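Everything numeric in this text was worked out from a predicted model, so none of it was measured. For the single chain, residues carry numbers from 1 onward in sequence order.
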Amino acid sequence: MDNSKRTVVVTGFGPFGEHTVNASWVAVQELKKLGLGNEVDLHVSEVPVEYQTVQSLVPSLWKQYHPLLVVHVGVSGMATTVTLEKCGRNHGYKGLDNCSFCPDSQCCVVGGPDCIDSVIDMESVCKRVTASGLGVAVSVSKDAGRYLCDFTYYTSLYLSHGRSAFIHVPPLGKPYSGEDLGRALKAIVQAMLELLDQAEEKIHCQQHFH
């Protein structure tokens, strides 16, 4: 394995409800075709819309790949922009999944904090991507919706001490194509990696008292 490469895992969700083709997984597959450049080892994974699967799959992705960053992508029927989620929430999960299951506790991690923020400054990512003239509108949100998207995000943030991100995409054709969404994901993930690099450099400099 090439240690100079940084590993990034990006997930999309499988079908559920009216979303017989899930735009998030289409977008992630488009991103996989584009890649994130030679320095980044990109792995993608499709996540079933099932609470219990998420609870085993998300830890296994962190364990298997030891990624620098995990980015989860989900579809939102209400979204008209590509939306960067700032935080994941622990409580309030009442919606049944594809197996008609819902956690008895209605929470992700019993005893975990109510809300966990990503270490990535989503406002900065949004500004960078918007300034790049991508042709895809990007916005920032504080509410990932208390369903499998939010549940997955919180689980990942909890495991990674905040080194995760979540992106909501609109359904296909409303207004963007899968290719558009793939391009947007590429620009967003690259901006996230740049911000993480800058944060690392800052920490490094502080340690050396330059």
Side-chain angles (χ1 to χ4, degrees), residues 8-32 44-51 54 57-58 61 69-90 92-95 97-98 108 115-130 134-158 160 162-192 195:
V8 174
V9 174
V10 182
T11 73
F13 284 98
F16 73 101
E18 73 210 40
H19 301 283
T20 47
V21 173
N22 194 318
S24 66
W25 181 233
V26 174
V28 170
Q29 287 174 300
E30 290 295 334
L31 170 66
K32 180 70 176 166
V44 302
S45 179
E46 186 178 12
V47 180
V49 179
E50 299 165 9
Y51 291 107
V54 165
L57 180 63
V58 173
L61 291 172
L69 174 69
V70 172
V71 181
H72 303 287
V73 186
V75 68
S76 166
M78 296 179 294
T80 53
T81 60
V82 174
T83 309
L84 310 175
E85 298 293 348
K86 295 175 85 155
C87 55
R89 295 177 193 277
N90 196 11
Y93 294 91
K94 296 171 188 168
D97 67 11
N98 279 359
C108 303
C115 182
I116 302 176
D117 289 330
S118 173
V119 296
I120 295 162
D121 180 350
M122 297 301 173
E123 307 282 357
S124 292
V125 174
C126 186
K127 280 192 191 115
R128 281 176 185 229
V129 175
T130 303
L134 189 66
V136 175
V138 181
S139 62
V140 178
S141 154
K142 289 182 180 170
D143 185 357
R146 301 301 193 295
Y147 190 49
L148 265 294
C149 291
D150 212 345
F151 190 85
T152 302
Y153 194 19
Y154 184 93
T155 304
S156 205
L157 287 165
Y158 185 83
S160 65
R163 202 177 269 269
S164 310
F166 197 98
I167 304 167
H168 264 124
V169 296
L172 292 175
K174 295 183 177 179
Y176 304 113
S177 68
E179 289 87 355
D180 291 334
L181 295 175
R183 283 190 304 111
L185 291 184
K186 178 173 180 173
I188 289 165
V189 176
Q190 285 178 326
M192 288 175 175
L195 286 174

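Panel note: side chain Ser164, backbone Ser156; a donor-acceptor pair is recorded below 3.5 Å. No donor-acceptor pair under 3.5 Å is formed between the side chain of Ser139 and the backbone N or O of Thr83. Side chain of Arg146 to main chain of Gly95: no donor-acceptor pair is present (N/O by atom type, distance under 3.5 Å, no hydrogens or angles). The closest donor-acceptor contact from the side chain of Tyr176 to the backbone of Ala137 lies under 3.5 Å.
Residues meeting the side chain to side chain contact (heavy atoms under 4.5 Å, CB included) test with Cys149, sequence neighbours left out: Phe13, Phe166, His168. Every side chain to side chain contact (heavy atoms under 4.5 Å, CB included) that Glu50 has, sequence neighbours left out, goes to Pro48, Thr53, Asp97, Asn98, Cys99. Applying the side chain to side chain contact (heavy atoms under 4.5 Å, CB included) test to Lys174 and every residue at least two apart in sequence or in another chain returns Pro171. Residues passing the side chain to side chain contact (heavy atoms under 4.5 Å, CB included) test with Glu46 are Pro15, Trp25, sequence neighbours excluded.
In this structure, the separation between CE on Met192 and OG on Ser124 is 11.0 Å, given to the nearest 0.5 Å. Taking NE2 of His19 as the start and OG of Ser24 as the end, the distance is 9.5 Å to the nearest 0.5 Å.
Residues Leu61 and Thr11 are in side-chain contact: their nearest non-hydrogen atoms beyond the backbone lie under 4.5 Å apart. Looking at heavy atoms from C-beta onward, Ile167 lies in side-chain contact with Val82 at the 4.5 angstrom threshold.
Within the structure, salt bridge (charged side-chain N to carboxylate O under 4.0 Å, His left out) contacts touching residues 116-126 (residues at least two apart or in different chains) are Lys86-Glu123. Within the structure, every pair that satisfies the salt bridge (charged side-chain N to carboxylate O under 4.0 Å, His left out) test and touches residues 178-190, not counting sequence neighbours, is listed here: Asp180-Arg183.
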For Val70 and Ser160, what are the C-alpha separation, side-chain angles and deciding distance, and is it a side-chain contact (heavy atoms from CB on, under 4.5 Å)? CA-CA 9 Å; Val70 172; Ser160 65; over 6 Å; no

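Of all non-hydrogen atoms in Leu134 and Ala184, the two that sit nearest each other are CD2-CA, 3.4 Å. Nearest heavy-atom pair, Ser177 versus Leu172, reported as atom, atom and distance to 0.1 Å: C-CD2, 4.2 Å. The shortest non-hydrogen separation linking Gly14 to Asn22 is O-ND2, 2.8 Å. Across every non-hydrogen atom of Met122 and Tyr153, the tightest pair is CE-OH, 3.8 Å. Closest non-hydrogen pair, Asp150 versus Gly145, comes out as OD2-N, 3.5 Å. Considering every non-hydrogen atom in both Val129 and Ala187, the closest pair reads CG2-O, 3.9 Å.
Using a 30° and 60° split on the angle between ring planes, Tyr147 and Phe16 fall in the tilted class, from 30° to 60°.
If you run side-chain contact (heavy atoms from CB on, under 4.5 Å) between Ser118 and each of Val125, Leu157, Leu69, only Leu157 comes through.
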